[in-house]
Every structure is written in C-alpha cells, then in structure tokens.
Amino acid sequence: MSGSQLNQAQYEAVYYRGGPMLVLAGAGSGKTRVITERIAALVERDVPHDAITAVTFTNKAAKEMRERLFKRLGDAAKSLRICTFHALGLSMVREHAELLERKSNVSIFSGSEQKSAMRSVLTDMRLPSDADQVDRLLGRVSLLKNGLLDVEENNLTIVREAYDALLTRMNAVDFDDLMLLPIRLLSSHRDVQALWQARCRHLLVDEYQDSSRVQYAFIHLLVESKGNLTVVGDDDQSIYGWRGAEIKNLFQLEEDFPSLHTVRLEENYRSTHSILTAANTLIANNGERLGKTLRSNLGQGKPVRIWESPNGDEEGHRIAADIKARKAVAEAKGWDDFCVLYRASFLSRPIEIALRAASIPYHVSGGLSFFDRAEIQDTLAYLRLMGNPADDLAFMRAIARPRRGVGAKALSLLGEFAWKQECSLFEACLHDDLEHRLSHTLREFGEMVSGIEHLLIHGEPDDAFDALLERTQLEAAIRAEAADEDEAERRMNNVMELRRWWLRHREDGGDLASFLHHVFLASSKDDDDPEGQVRLMTVHAAKGLEFDHVYIIGVEDGLFPHKNALEENRLEEERRLMYVAMTRARYRLTMTYVRVRSRYGTKEKTTPSLFLNEPDQSVLRWVDKDVNSEEAKEEIDDAMAIFKAIAEKAKKNAR
DNA sequence: CTGCAGTGACTTTTT
DNA sequence: GTCACTGCAG
C-alpha cells in the first residue's frame, strides 16, 4: 500500500472511540494496516496491553499482524494478545482446565485422531464402524456441536456423548471443543466471564465475514452490546458458507449492537481501474450485500483479457507462453509476480505440465501438509504421549511404530486391564499388577518412554530429541520403511525440521505441552511462501494474497460457478469467490475458458461462464473474438518480443 | 500383518 | 485418468 498517510475512512476506523464499530474493508483497502494502527493507537493511549485482544481465523493473519505491530511498537508488542480464535479458546481451556474436566496439558485431536476416537466409540456401541460411517458421524456430531443440526436424533446424541466422554477421559479436545468449551465456561462461570471480558475490553476481530454461529456466540460472551468491539470484514469476500461461516453475522451486528458505527474502506490501493470495474460490476449482481464500491488509485491499466482455448492443455501452454512474454517485456520482475487461480484443484495438472515444459519454476499451494506425513505423525505420537500420558491414541500410534510385535490382540487385553484399573494405556504398561504375555515388552516400552520424557524435560533439548529417535528406533524404522535412499533422506529431513522447531521452541522458553499446542494449532502452510516461483492455487487459498499478474482458469459454466454449488443455491457465494479471484490482481488480469474440458478421462463440451458476461464489457477484451483489437495487436508484439529475447539468449549461450 | 488388485469417487478445507 | 481405500490371499 502506498504512502504512510491514512485516508479519511481509515483515520476514522483507527481512532473511533464510540464503542462497537464495523469496518467494511474492501479488497486491497488497507485492512491489516487499519487493525494494526488501531491497536497501536490503543497502546499509545495507555490502554493496558492485557485489555487488548485481536482475533483472526488463520495463523498467517495473526503472524502478519504481530510482525507489523512489532515493527510499529517494538518489544511492547510482545505482550499483546493476538491469536486465532482457536488459540484463544485453547488458552481459556488451559487456564480453566479443572472446570472442564481437563488438564492444562490437554491433547488436541484433529483429523486422524478424531477418526480413531469415533471408530472406537462405534465399535464399543456395536454400531457399524467402517470409514464411511466414521466420517458421517464425525460430520454430524460436528454439525450438532456447532448448532447447525436441528433434528433430534437420539442415536446421534448418544454417539456424541460417548465421543465426548472418550475425549475427556483421554484429556483431549477436538477443534470444535476449542470454541464450545470456552463458551460453556463463559456462560456458566461469571467470574471467568468477567476475567475474560476485562481482557477483551478492546476486542478486534478480523475477517468477520468468515465467523460461524458458534464464533459469534463466543464474541458475544466476551463483549457487551456497548463494548469496544471492532469487527473488520467484507461481505463480498465471504466464501466459506459451505463450512458454516454465516454471512448474516455481518448483517445482524446492527441489531445486536444498536450503537454500531459503520465505516467503509472503499479506496483500493491494489488494482487498476479496469480490474476493479470488472470486479465491482460483477459483484453488483449479488442481492445479499451491504453495498460498497471500490475506487482505484492506480489509473486505468490494461483491459481484462479473456481467452478461449480449444482444451486444457492449450490453455496451459498459452499461459506459460504469456508468462514468459510478460517477463520478457519487463512487465514482471520475477516468477513470483504471477499466480494461476482455479476453482477446483484438478485443474492445476495441465498448467503444471505446461509450466514444466516451458522450464518455468512453479509451486502448487495446498496438498499434503507437513504434519500429515507419516514420519512426522510417528515422531509426534511419542511427543504427544509424553506430553499427555492419558492420550491413548498417541500410545497406540507410538507402540505400533516401529513394530514391536504388539498387535491388536495384545492392545485389546491391555485396554481391558486399563479399563478395570481406570488408568490410561500408558499407565497400564507400568502398572505392577499387569500380567500378560507381553507385559515385559510393554513395561520396557513404558520405561523407555519415561526415560526419554525425563530427558525432554530436564536434559539438553537436542540430546533429548536425538534420544527419542535413537532409543525408540524411530529413525531406523523410518529409514527401513523408505523405498530408497532418497526417500529415507527426505523423510529424515522432515523429522530434522521438526527437531529444529523443537529446539527453537525450547530456546524461547516453551515446554513440551506448549510445543505440542503450537504444532497442532499451526497451519501446515505457515512457512510456505516460496520465492521466485509462479504460484498455483485454488481461489479459496488465494484470499488475502495479491499478485501483479493473475490468470483465472476454467471460467466455464458448471465449473465456475460450480455445478454443485448451484444445486445448493449458492450462486451468490460463487460470485463472491470470483470477486475474490479477480481482486487478487494488481496490474493484469486474464480469465480463460476452454471449449472442451477433459475430466475423469472423458471430454466435455463447455460454455463460457456467466461470470464473463456480467462485468462491464467495456473493460474486457475477448481476445479471440476480436483479433484486430489493440490488445490482440499488443499480444502479437509481445510474442515477437519473446522470440527476440529467446533468440538473444540462444546467441549468448552459443558464445 | 502385508501386499496387491479391484472399486469408486472426483469442489472448496482455517483450526 | 488417477488416487486412495477396501478386501482378500499369502
């Protein structure tokens, strides 16, 4: 964003002191700057740090905010409470754990642990426990927990209770609990509520349009109707409705906070006028919105290009050629000035192939996360077990890797014993009364883990981690299970990355429990900011980012807007998604569609998306339909420029 | 418990 | 067309 002066609307949003405020922040309107400046203003006004809380949805946003405040305020920023909703929930759970039948070293169950827990519940209840049922019930329990399921299903309630009880027994919570337990806490303990209301005397919420019903309830418990609540959001960028985000939370604020003051940030510092006009006139077709028109500061710019290609392969090659051309004519400095966006991830493949063929470096965002890798899960299983001995799932994963000959049979006997003794599986291993064919193996395992735990707590951080890899024979197992030397190296590198995190965390004075919490709440993609590569990602993943050159591919009927979304009556959300995609572009925006789209090995005839017809056509150039246009001529000039550039390079190489 | 072959699904996914 | 998961045989 240009300049250091705040514009009038930004100034108002930063310094307003009259209570609840809604900041409607359009794309590229300096939203993060407004939030950080507002926090800085509070600090400079001598509001105690402990009375300020800022919540975001992603770690990335929280991190960015913290970094900016650090630059702005120096070390004073350290003591500010800036975190995600879930991290805030976790700190409440930890602080008041005893009121929730938990301990402060509580485990956080995500994905696979939730599945294991649910599978175990269903098996115990003698219900079908195949993967489909586990997924279905987890989904329904989650809906139930989030108040999104009205039907009274007796069975479901019982399953939920059993699932919750199991998690409680293992001193664990799932992601839903990180919001629900704090809500329970705040609504049933006045003193706790008063404590946190004081800590949220100034509460700022980012990306408010993504909040769910539960998060709304959470916010309400933290701020009274005249409180200093600042919510920043953009109804036009609400794209997570399918996941429970309720855009109406934004519309409803006025009712719940009658003195609500609304500020609109409509000055855009990102995109050219052409791009904004296209985006504005597209989103104007939505009925459910508060209304906002972005104004550009950057001049007219190039028209938005629309390309037709015969098929996906051609679409890819053409984009690859164009990227080279833009770079050759110095419209871009580096590969990372380019981004290719798509509605569905299967569209990335032909683009990848084309970029590779053109020797253009690229990076696909999303995909497997660091923490989903088997070697990381295995290593973490040991750490989790040491961090929370009640975590039976961690125990089961740890004892199975590497193989110790302890199979399902031995585990179920151990489970029975633990049940009778009312202890965890891990404690059962070390129990004096344990009599079992494998009790020697189990005891040895228990003592080994205890020994490493002792090192982790009292020893040197690096020794402890190495002991973990060595004494458990994890490293040997990881290497043995790898298909080849390269894979073994890669896997161990991942583990070493985890080791570095652990060392850094210990240097900062953190303990094992906080390390695990950090790891489980950290998004896998925190550090994924690859430099010098063309970025490929879904539109959802692109929210909050910006690029000089953006290509939106697959802008076809049935794909974008997506057929399933239309069936579920979510055309407006699809339009917002397109709006988000378009407003990522700073300088040049290109939208492409194909005549024949290959999918599942079949070829389907397609028609261009209605989202290409809705924008003001005067800022669009349908290049293929208008070969004599200025833009088409320009393209030819650009193509000539690449040929020249390539020829020159070839000459240089020849010398 | 492991490895392979057959089967089915395929929109987006923070924490 | 590809991948991931299931189920059966070894």
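Each chain gets a letter, A, B and so on, in the order the sequences are listed, and its residues count up from 1.
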Chemist: Contact class for A/E573 (heavy atom, under 4.0 Å): base, sugar-phosphate, or nothing?
Modeler: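 If one applies the 4.0 Å heavy-atom cut-off, A/E573 turns out to touch nothing in the nucleic acid.
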
Chemist: Examine B/dT13: is either OP1 or OP2 under 4.0 Å from a nitrogen or oxygen in the side chain of A/T538? Give yes or no.
Modeler: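 It does, given that an N or O in the side chain of A/T538 lies less than 4.0 Å from OP1 or OP2 of B/dT13.
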
Chemist: From the options B/dT11, C/dT2, B/dT15, select the nucleotide whose nearest atom is closest to the side chain of A/F175.
Modeler: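 Closest nucleotide to the A/F175 side chain: B/dT15.
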
Chemist: Side chains of A/N286 and A/D236: is there a donor and an acceptor less than 3.5 Å apart?
Modeler: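 There is no such pair between these side chains.
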
Chemist: How is A/S345 classified with respect to the nucleic acid when contacts are heavy atoms under 4.0 Å: base, sugar-phosphate, or nothing?
Modeler: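 The residue A/S345 makes sugar-phosphate contact but no base contact.
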
Chemist: Between A/W242 and A/H562, does a ring pair (Phe, Tyr, Trp, His ring centres under 6.0 Å) hold up when you go through it step by step?
Modeler: CA-CA 13 Å; A/W242 52 276; A/H562 198 278; over 10 Å; no

Chemist: The side chain of A/A344 is closest to which nucleotide in this list: B/dT15, C/dT2, B/dT12?
Modeler: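 Out of B/dT15, C/dT2, B/dT12, the nucleotide with an atom closest to A/A344's side chain is B/dT12.
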
Chemist: In terms of side-chain geometry, is the basic nitrogen of A/K31 or A/D234 positioned less than 4.0 Å from the acidic oxygen of its partner?
Modeler: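 Not counted as a salt bridge, because no side-chain N and carboxylate O are separated by less than 4.0 Å.
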
Chemist: Distance check needed: B/dT14 C1' versus A/L88 CG, whole Å only.
Modeler: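 In whole Å, B/dT14 C1' and A/L88 CG are 16 Å from each other.
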
Chemist: Tell me the interatomic distance from A/E604, atom CD, to C/dG1, atom P, rounded to whole angstroms.
Modeler: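 A/E604 atom CD is separated from C/dG1 atom P by 14 Å.
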
Chemist: Suppose you measure atom C1' in C/dT6 against the same atom in B/dT11; what distance do you get, rounded to whole Å?
Modeler: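 The answer is 25 Å between these two C1' atoms.
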
Chemist: In terms of side-chain heavy atoms, does A/N171 have a donor or acceptor partner in A/N105 at a distance below 3.5 Å?
Modeler: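 Side chains of A/N171 and A/N105: pair found under 3.5 Å.
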
Chemist: Mark this stacking check for A/H86 against B/dT15 as yes or no, applying ring centres under 5.5 Å and ring planes under 30°.
Modeler: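 No.
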
Chemist: Tell me whether the side-chain N or O atoms of A/R243 pair up with the base of B/dT14 as donor and acceptor below 3.5 Å, since no angle test is needed here.
Modeler: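 Indeed there is one.
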
Chemist: From the list B/dT11, B/dT15, B/dT14, which nucleotide is the closest neighbour of the side chain of A/F57?
Modeler: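 So the nucleotide nearest the side chain must be B/dT14.
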
Chemist: Over how many whole Å does the gap from A/K60 atom NZ to B/dT13 atom P extend?
Modeler: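 In whole Å, B/dT13 P lies 13 Å from A/K60 NZ.
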
Chemist: Considering only side-chain heavy atoms of A/R599, which listed nucleotide, B/dT11, B/dT12, B/dT15, is closest?
Modeler: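 It is B/dT11.
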
Chemist: Rounded to the Å, how far apart are A/D176 CG and B/dT14 C1'?
Modeler: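 Computing the A/D176:CG to B/dT14:C1' distance gives 13 Å.
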
Chemist: Is the distance from OP1 or OP2 of B/dT14 to the nearest side-chain N or O of A/N59 less than 4.0 Å?
Modeler: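 No, A/N59 has no side-chain N/O under 4.0 Å of OP1/OP2 on B/dT14.
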
Chemist: Nearest to the A/Y240 side chain among B/dT15, B/dT13, B/dT11, which nucleotide is it?
Modeler: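 Of B/dT15, B/dT13, B/dT11, B/dT13 is nearest to the side chain of A/Y240.
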
Chemist: Take atom C1' in B/dT12 and the same atom in C/dC5, then report the distance between them in whole Å.
Modeler: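 Those two atoms are separated by 22 Å.
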
Chemist: Does the ring of A/F520 lie flat against the base of B/dT15, closer than 5.5 Å centre to centre with planes under 30°?
Modeler: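 It does not: the ring fails the test against the base of B/dT15.
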
Chemist: For C/dA4 and B/dT13, measure between their P atoms and round to the nearest Å.
Modeler: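 16 Å, rounded to whole Å.
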
Chemist: Using whole Å, what does the distance between atom P of nucleotide B/dT13 and atom CG of A/N146 come to?
Modeler: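 After rounding, the gap between these two atoms is 19 Å.
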
Chemist: Check the side chains of A/S212 and A/Q215 for a donor-acceptor pair under 3.5 angstrom, ignoring hydrogens and angles.
Modeler: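 Indeed, the side chains of A/Q215 and A/S212 share at least one donor-acceptor pair under 3.5 Å.
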
